[in-house]
Amino acid sequence: MSTPFTKISGSARQRLGGRIVLAVCMDTLMLLGLAYWWLENLAQELFGTALFLLLARHIYRNRSWFRNIVKRHYGLRRTVVVTFHAALALNMAALLATSLAISQSLFAALPRPDSAVLTEIHWFSWAVIAIGCHVGPHWSRIGAITSAALDLPPATPAQTRS
């Protein structure tokens, strides 16, 4: 059984590898951003800023998905995936807005509203759960891209069963 990624050139393999590295870096920055109580405020803000820069790159690289969002048939799976993506987009927008509003280091020059509500919204963001819901439906594709980028043989059906 072959996947669409089994016969690819070296430059395409590098691009696929770049997509995986981007995702791993975003995941790492997200986890480091959650370590606020163990890090200085500046470090946490730097990790968050880097995360949003990489998120912008991720959205740019996947811009064709957004262009095709209304062009295809909507079954149950696609409806669920688009709903998860919309929830993640709203969550990340709220996280970005509250980040700018409560910044104490990088964006301290911006006017800061005196609102504990913004801090609470930022702290209790559902971003990690939303990211998991984003990655889950794409997991088999992520595995295929990773296998192709690392030049591994495609998984057999027996290897993919849990």
Side-chain angles (χ1 to χ4, degrees), residues 3-36 38-39 41-103 105-107 110 118-119 121-152 154-155 160:
T3 66
F5 302 110
T6 54
K7 304 282 186 213
I8 58 174
S9 67
S11 63
R13 189 177 314 282
Q14 285 179 324
R15 283 193 309 274
L16 290 174
R19 291 179 80 136
I20 297 300
V21 168
L22 177 67
V24 168
C25 287
M26 287 180 3
D27 292 341
T28 303
L29 288 168
M30 184 64 175
L31 290 174
L32 288 170
L34 292 172
Y36 179 79
W38 296 280
L39 300 171
N41 182 67
L42 177 62
Q44 196 258 352
E45 288 188 24
L46 288 171
F47 293 140
T49 302
L51 171 65
F52 278 105
L53 292 173
L54 292 181
L55 178 62
R57 177 71 178 153
H58 176 72
I59 290 169
Y60 178 77
R61 285 189 120 168
N62 294 293
R63 65 192 177 277
S64 64
W65 184 87
F66 293 99
R67 279 195 302 259
N68 295 323
I69 199 166
V70 295
K71 293 181 182 177
R72 294 177 51 199
H73 172 70
Y74 271 76
L76 177 62
R77 184 181 191 284
R78 183 162 170 81
T79 302
V80 169
V81 168
V82 170
T83 302
F84 283 154
H85 283 74
L88 178 60
L90 289 172
N91 198 308
M92 295 309 279
L95 200 58
L96 178 60
T98 57
S99 297
L100 294 173
I102 66 173
S103 175
S105 301
L106 293 180
F107 304 104
L110 295 176
L118 293 174
T119 304
I121 291 170
H122 188 78
W123 282 356
F124 296 107
S125 167
W126 289 74
V128 174
I129 294 169
I131 291 167
C133 291
H134 171 69
V135 170
H138 303 293
W139 192 248
S140 60
R141 184 167 186 238
I142 292 168
I145 289 172
T146 304
S147 294
L150 298 175
D151 201 21
L152 300 173
T160 57

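Atoms OG1 and CZ, on Thr28 and Phe47 in that order, are 10.0 Å from each other to the nearest 0.5 Å. Atom-to-atom distance recorded for Thr49:OG1 and Gln44:CD is 9.0 Å, nearest 0.5 angstrom. Between Arg19 atom CZ and Arg61 atom CZ the span is 6.5 Å, to the nearest 0.5 Å. For the atom pair CG of Leu22 and CG of Leu54, the computed distance is 5.5 Å after rounding to the nearest 0.5 Å. In this structure, CG on Leu34 lies 11.0 Å from CG on Leu29, to the nearest 0.5 angstrom. Rounding to the nearest 0.5 Å gives a distance of 11.5 Å between CH2 of Trp38 and CG of Leu32.
The minimum heavy-atom distance between Arg77 and Pro137, with the atom names listed, is NH2-O, 2.6 Å. Across every non-hydrogen atom of Arg67 and Lys71, the tightest pair is O-CE, 3.7 Å.
More than 12 heavy atoms of other residues, nucleotides or ligands shown are found within 6.0 angstrom of CZ on Arg63.
Geometrically, Arg57 does not engage Tyr60 in a cation-pi contact defined by less than 6.0 Å to the ring centre and at most 45° from the axis.
Qualifying side chain to side chain contact (heavy atoms under 4.5 Å, CB included) partners for Asp27, counting only residues two or more places apart in sequence or in other chains: Ile131.
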Could you give the side-chain donor-acceptor pairs of residues 82-102 under 3.5 Å, partners two or more places apart or in another chain?
from	atom 1	to	atom 2	distance (Å)
Thr83	OG1	Thr79	O	2.7
His85	ND1	Val81	O	2.6
His85	NE2	His134	ND1	3.1
His85	NE2	His138	NE2	3.4
Asn91	OD1	Ser125	OG	2.6
Thr98	OG1	Ala94	O	2.9
Thr98	OG1	Leu95	O	3.1
Thr98	OG1	His122	ND1	2.9
Ser99	OG	Leu95	O	2.5

